[in-house]
Amino acid sequence: MFDAARIKEHADIIGADGVHVGTVDGVEGDRIKLTKRDSGEGSHAGHHHFIPLALVADIENGRVRLSANADVAVTFEEEQGGASTE
């Protein structure tokens, strides 16, 4: 298990496939808070989304690498209150 304190603000979050998923705004509890600019479009724009820390595989060169590919990881994103974005 990694130390969540190693996750730094503004670090890139990438999937296991190396594809950009988002940018860290901070860590809150057991979730990584994404910056608002990575929140998507339409009804998802303008507010924060979160990714569970359980998806983090490692911190590599300051980047957060997830255990899932980017297209799968985004299906785990949650809204502020914990609801799925899917």
Side-chain angles (χ1 to χ4, degrees):
M1 183 80 180
F2 70 95
D3 179 6
R6 292 178 51 207
I7 299 175
K8 302 299 181 194
E9 186 176 0
H10 303 298
D12 285 330
I13 303 169
I14 58 172
D17 53 359
V19 175
H20 179 82
V21 173
T23 305
V24 174
D25 192 44
V27 176
E28 294 185 4
D30 62 352
R31 304 184 305 172
I32 299 172
K33 181 179 182 181
L34 303 179
T35 59
K36 287 182 181 179
R37 71 172 180 240
D38 290 316
S39 294
E41 300 175 359
S43 65
H44 295 294
H47 58 270
H48 294 283
H49 287 165
F50 296 80
I51 293 179
L53 284 173
L55 287 181
V56 177
D58 202 3
I59 311 298
E60 300 173 350
N61 301 319
R63 294 185 303 175
V64 178
R65 181 175 290 277
L66 303 178
S67 59
N69 287 344
D71 61 338
V72 174
V74 296
T75 67
F76 287 95
E77 285 186 13
E78 299 174 344
E79 300 281 346
Q80 180 78 33
S84 172
T85 61
E86 288 295 305

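Considering CZ of R63 and CZ of R65, their distance stands at 6.0 Å, rounded to 0.5 Å. Rounded to the nearest 0.5 Å, atoms CZ (R31) and CD (E77) are 11.0 Å apart.
For the pair G62 and A11, the tightest heavy-atom approach, listed with the atom from each and the gap, is O-CB, 3.2 Å. Closest of all the heavy-atom pairs between A73 and A68 is N-CB, 4.2 Å. Taking each heavy atom of L53 and A4 in turn, the nearest pair found is CD1-CB, 4.2 Å.
Cluster membership check: I14 does not share its hydrophobic cluster with I59, using side-chain heavy-atom separations under 4.5 Å among Ile, Leu, Val, Met, Phe, Trp and Tyr.
Formation of a donor-acceptor pair under 3.5 Å by the N69 side chain with backbone atoms of D71 is not found in this model. A distance-only check finds no donor-acceptor pair linking the side chain of D58 to the backbone of V64 [under 3.5 Å].
A side chain to side chain contact (heavy atoms under 4.5 Å, CB included) with L34 holds for exactly one of I51, T23, D25; it is I51. Of the residues listed (L55, I32, T35, I7), the one engaging I13 in a side chain to side chain contact (heavy atoms under 4.5 Å, CB included) is I32, and it is the only one.
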